[in-house]
Protein chains: 2
Amino acid sequence: MDATDRRLLDLLRVDGRAGWAELGERVGLSASAVRRRVDRLSARGVITGFTVQVDPDAETGPGVEAYVELFCRGTVAPGELQRMLSAVPEVVSAGTITGEADAIVHLRSRDVRALEDALERLRMAANVDHTRSAVVLSRLVHRSA
Amino acid sequence: MDATDRRLLDLLRVDGRAGWAELGERVGLSASAVRRRVDRLSARGVITGFTVQVDPDAETGPGVEAYVELFCRGTVAPGELQRMLSAVPEVVSAGTITGEADAIVHLRSRDVRALEDALERLRMAANVDHTRSAVVLSRLVHRSA
DNA sequence: GTTGAAAGCGTGGTGAC
DNA sequence: GTCACCACGCTTTCAAC
């Protein structure tokens, strides 16, 4: 796992179907050397697979997304927050953060109504004082990680 | 966008590097027919790209995450923003939003140094006036969707 | 252990139907 | 949508570092 491996991963993140030869000339290696490194990364479990990125709107119509900042009273218990957030299906990702807010939550739902319901469930959680939401107008990037 | 297209998307989700001929025999089509369908899905924006799935922890340990708000001067060009953001491997997801900021970007990198580099690339983009970052202290939820 | 070069062959990409 | 074509790139082998 050296700098070349990391460069290969970055290049493959941008284009997962890039040819070995093309990757090779961008990192200064031959095609066969590139393939061996990628195979090794797959065997080690660093690379778990290759996939296609699909626009979520294409399958179930245009949904609604929002980023919600959580402001809590007193101390924040990460464990309790995690249990609460995991119980809300609309939560795509979440984490405690630095800055004014205590945590940020990425929500995705099929319509505004479902979004409001999810928001209300977040607000009901223990220690949550108030929230600040930003609705997503247009999604620019979404990588499945 | 029929049942065959959906089956192709499902197969590509499992293996994004599958050959056209292999895909063809699994959906009952020829290789060139498959390629035309995939090209059409890409042109229509249903397929936004191909990428590699990397185990975040296996790569270089826990890593660092951050949410970055982008504040732009004057009008925001979503297309230009999208091109810029897609070129930065550290970008997990991003979208234009309501509220004070114009856009929010979810970043993940292997260490603070790489995070700073990615941040600098965001700031260099046209019309970006300044940014406000919140570093993730502990990841609470992450669903691969 | 790693790599690069060459040969054979499978596959992608394109055009005609 | 299929079939046929050609060129390119992948895969493998082998020798060398």
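Bear in mind the structure is a predicted one, so any value in this text is a computation, not a measurement. Proteins get letters first, then strands, A, B, ... in listed order; numbering begins at 1 in each.
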Step by step, work out the side-chain contact (heavy atoms from CB on, under 4.5 Å) result for B:Val91 and B:Met84. CA-CA 10 Å; B:Val91 174; B:Met84 184 268 289; over 6 Å; no
Of all residues at least two apart in sequence or in a different chain, which pass the side-chain contact (heavy atoms from CB on, under 4.5 Å) check with B:Arg73? B:Asp129
Please name all residues satisfying salt bridge (charged side-chain N to carboxylate O under 4.0 Å, His left out) with B:Glu65, sequence neighbours left out, ordered by chain then number. B:Arg108, B:Arg139
Check the distance between C:dG12's P and A:Glu22's CD and give it to me in whole angstrom. 16 Å
Provide the start and end nucleotides, 5' to 3', of the part of DNA chain D that has atoms under 4.0 Å from heavy atoms of chain B. D:dG1 to D:dC3
Listed pairs under 3.5 Å, donor-acceptor, residues 36-46 of chain A side chains, sequence neighbours left out:
from    : atom 1 : to      : atom 2 : distance (Å)
A:Arg37 : NE     : A:Asp5  : OD1    : 3.0
A:Arg37 : NH2    : A:Asp2  : OD1    : 2.7
A:Arg37 : NH2    : A:Asp2  : OD2    : 2.5
A:Asp39 : OD1    : A:Arg35 : NH1    : 3.4
A:Asp39 : OD2    : A:Arg35 : NH1    : 2.5
A:Arg40 : NH2    : A:Asp5  : OD2    : 3.2
A:Ser42 : OG     : A:Val38 : O      : 3.0

Applying side-chain contact (heavy atoms from CB on, under 4.5 Å), name anything that partners B:Asp117, two or more places apart in sequence or on another chain. B:Arg113
Can a side-chain donor-acceptor contact be found between B:Arg13 and A:Thr51 if the only test is distance below 3.5 angstrom? no
Just by distance, do the side chain of B:Asp102 and the backbone of B:Cys72 share a donor-acceptor pair under 3.5 Å? yes
Between A:Arg6 and B:Arg110, does a side-chain contact (heavy atoms from CB on, under 4.5 Å) hold up when you go through it step by step? CA-CA 10 Å; A:Arg6 273 185 284 272; B:Arg110 53 187 194 82; 3.4 Å; yes
Angle of first-five versus last-five pair axes in the helix from C:dG1-D:dC17 to C:dC17-D:dG1, to 10 degrees: 30°
Near DNA chain C, under 4.0 Å by heavy atom, which residues of residues 1-13 of chain B? none
Rounded to whole Å, how long is the line connecting atom CG of B:Leu23 with atom P of C:dG13? 12 Å
B:Val64 meets the side-chain contact (heavy atoms from CB on, under 4.5 Å) criterion, sequence neighbours left out, with B:Ser109, B:Val112, B:Leu115, B:Val135
Are any non-hydrogen side-chain atoms of A:Leu85 and A:Leu122 less than 4.5 angstrom apart? yes
Under the ring-ring contact (aromatic ring centres under 6.0 Å, His included) definition, can you give me all pairs with a residue in residues 57-97 of chain A, not counting sequence neighbours? A:Tyr67-A:His106, A:Phe71-A:His130
The correct set of residues in residues 24-40 of chain B placing a heavy atom under 4.0 Å from DNA chain C is B:Ser32, B:Arg35, B:Arg36
For residues 17-28 of chain A, which side-chain donor-acceptor pairs fall under 3.5 Å, sequence neighbours excluded?
from    : atom 1 : to      : atom 2 : distance (Å)
A:Arg17 : NH1    : B:Gly16 : O      : 2.7
A:Arg17 : NH1    : B:Ala18 : O      : 3.2
A:Arg17 : NH2    : B:Ala18 : O      : 3.3

Run the side-chain contact (heavy atoms from CB on, under 4.5 Å) test against A:Gln82 and tell me which residues pass, sequence neighbours left out. A:Ser86, B:Leu140
